[in-house]
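Just so it is clear: chains get the letters A, B, ... in the order the sequence lines come, proteins before strands, and each one is counted from 1. Fair warning: this is a prediction, and the values are worked out from it, not measured in the lab.
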There are 2 protein chains.
Amino acid sequence: MPRESKRHKILEAAALIVHNRGIDALTLDAVAEEAQVSKGGLLYHFRSKEALVEGLVLHMNNIYRTNVENAVYEDINREGKWTRAFIKATYDQSLKNTETSAGMLAAQGINPDLLKPLQQTYANWQDNISNDGLDPVQATILRLAADGLWFSEIFGLAPLDEDLRKQVLDTLLKQTHQDKNNA
Amino acid sequence: MPRESKRHKILEAAALIVHNRGIDALTLDAVAEEAQVSKGGLLYHFRSKEALVEGLVLHMNNIYRTNVENAVYEDINREGKWTRAFIKATYDQSLKNTETSAGMLAAQGINPDLLKPLQQTYANWQDNISNDGLDPVQATILRLAADGLWFSEIFGLAPLDEDLRKQVLDTLLKQTHQDKNNA
DNA sequence: GAAACTATACCATCTGGACTGTTTATTTTC
DNA sequence: GAAAATAAACAGTCCAGATGGTATAGTTTC
């Protein structure tokens, strides 16, 4: 068991509980048990429940940002690269929603202020997407559709079956290659 | 004070608490106080906390469905009417999110199974939207964009300013008038 | 030898909800 | 149609158990 991995294990455990049983089941005891850590060990890493949730948000925020940024750098085309990167990263996130959305739900449940880092990230992305060489309104619609995909997975609101989901992804990406003029 | 209105007042109070303070603050005592009802009175209307949340979900589900159905019946055009109705209703909902999204968040927090009625409704809508006389993939994208709009308001993730929001709405509605062939 | 834990006991507070009234409206009885 | 019975709509208190967090004392890892 590598040293620093306990902290990470705790975050994963917390996310799992939120995903499976809802945030009401996110108690310190439950997290400690799930992570196979003593309560003392848990509180050593996170001094309070709020700190734990804060950690969750920060963790997912980091992953999410990294994914988007990587996708941006890998993109060959200049126009629409932020929009494409966001769509790809959000699409991936919507599938692995166990880890990711848990922080968001937990934060909303315990203290909505804890969402600020993620809100900051999103504000930044929306800014980039609006100035991505595409029609801003159309680019925003593509962004929102990606969010909607994630949303549908989180709450189980008519999540798309695999076929349709892939077609949607393809179409969204395709539309980031249209230029401003053919609305 | 009209008689039956207390029940409704309780639901509004619960929604307000979830929206302002997060679902962790949704306690029976807090709801009773906010609704200006005694705890006994609260438990008379809702026999348990779970029943209260169930009531919230059912309530929002009813409103949401009514809004969509009304919009469908008012629509003159046949093609795309479900998609348009969904977009309009969801757009409206995303603005008055106090009342509406609270049930969803609370259910997810306490017992995800309570979301089933709403999931059923959504499944039905997605079916109608996919067979709305439009290209199914494109119609689904429009639906998801509307969901994304709501999502962004619930979590404060780069919510759109009024101008952009209206432009997005217009564009989404406009795109429901394109027929299948010009992808 | 310090950081990273384990293990357990403990406590103040909160929470759901059971329980016992009390009032108000409605229906039934004579 | 007054009185009595019944039920609905609350009010207010109480309690067992859960929960977040503290404290302490020891152990393992680097």
Side-chain angles (χ1 to χ4, degrees), chain A residues 1-18 20-59 102-103 105-114, chain B residues 1-18 20-59 102-103 105-114:
Chain A
M1 269 165 267
R3 211 90 202 298
E4 179 56 21
S5 69
K6 282 271 167 100
R7 195 190 143 95
H8 191 250
K9 205 172 176 184
I10 290 170
L11 289 172
E12 279 180 338
L16 192 67
I17 289 171
V18 171
N20 288 344
R21 291 183 270 160
I23 84 143
D24 224 47
L26 187 76
T27 66
L28 295 180
D29 286 313
V31 174
E33 191 187 341
E34 180 72 41
Q36 297 174 75
V37 176
S38 69
K39 198 172 176 180
L42 167 58
L43 284 166
Y44 174 79
H45 285 289
F46 302 97
R47 294 205 305 233
S48 69
K49 188 175 180 179
E50 192 163 320
L52 171 62
V53 174
E54 188 186 9
L56 264 183
V57 174
L58 257 39
H59 184 57
L105 290 169
Q108 176 64 246
I110 284 168
N111 178 2
D113 283 350
L114 297 176
Chain B
M1 274 163 262
R3 212 93 202 298
E4 178 57 22
S5 69
K6 282 269 168 100
R7 194 189 145 95
H8 191 251
K9 205 171 176 184
I10 290 170
L11 289 173
E12 280 180 337
L16 192 68
I17 289 170
V18 172
N20 288 342
R21 291 183 268 159
I23 84 141
D24 224 47
L26 187 76
T27 66
L28 295 181
D29 286 315
V31 174
E33 190 187 342
E34 180 71 41
Q36 296 174 73
V37 176
S38 71
K39 201 169 179 181
L42 167 59
L43 284 167
Y44 172 78
H45 286 287
F46 301 97
R47 294 204 305 234
S48 69
K49 187 175 179 178
E50 191 163 322
L52 172 62
V53 173
E54 189 186 8
L56 264 182
V57 173
L58 258 38
H59 184 59
L105 290 169
Q108 176 63 245
I110 283 169
N111 179 2
D113 284 349
L114 297 175

- prompt: Whole Å only: how far is the CG atom of Asp29(B) from the P atom of dC15(D)?
  reply: 16 Å

field: Minimum heavy-atom distance Ala25(A)-Ala30(A), with the two atoms named
entry: O-CB, 3.7 Å

- request: Verify the contact: side-chain N or O of Tyr44(B) to OP1 or OP2 of dA9(D), cut-off strictly under 4.0 Å; return yes or no.
  value: yes

query: His45(B) side chain N/O closer than 4.0 Å to the phosphate oxygens (OP1, OP2) of dA9(D)?
result: no

query: Between Lys9(B) (NZ) and dA9(D) (C1'), how many Å, whole number?
result: 15 Å

statement: In whole angstroms, the gap separating C1' of dT13(D) from CG of Leu42(B) amounts to 15 Å

- line: Heavy-atom closest pair (Pro112(A) atom, Gly22(B) atom, distance to 0.1 Å) is CG-N, 4.5 Å

- line: Regarding the side chain of Leu43(A), the nearest nucleotide among dG17(C), dG21(D), dA11(D) is dG21(D)

task: Please report the shortest heavy-atom distance between Leu114(B) and Val53(B), naming the atom on each side.
output: CD1-CG1, 3.8 Å

- prompt: Expressed in angstrom and rounded to an integer, what is the separation of Phe46(B) atom CZ from dG16(C) atom P?
  reply: 15 Å

statement: Taken to the nearest whole Å, CD1/Ile110(B) to C1'/dT15(C) is 12 Å

query: Starting at NZ of Lys6(B) and ending at C1' of dT24(C), how long is that distance when rounded to a whole Å?
result: 12 Å

Value in whole Å for how far the C1' atom of dC10(D) lies from CD of Gln36(B): 14 Å

query: Taking OP1 and OP2 of dG17(C), is either one under 4.0 Å from a side-chain nitrogen or oxygen of Lys49(B)?
result: no

message: Closest-nucleotide mapping onto DNA chain C: is Lys39(A) or Leu28(B) further toward the 5' terminus? I mean the 5' end.
response: Lys39(A)

- request: Count the heavy atoms belonging to other residues, nucleotides or ligands that lie under 6.0 Å from CD of Glu33(A), then report whether that count exceeds 12.
  value: no

Atom-to-atom span, CD1 of Ile10(A) to C1' of dA4(C) - whole angstrom: 11 Å

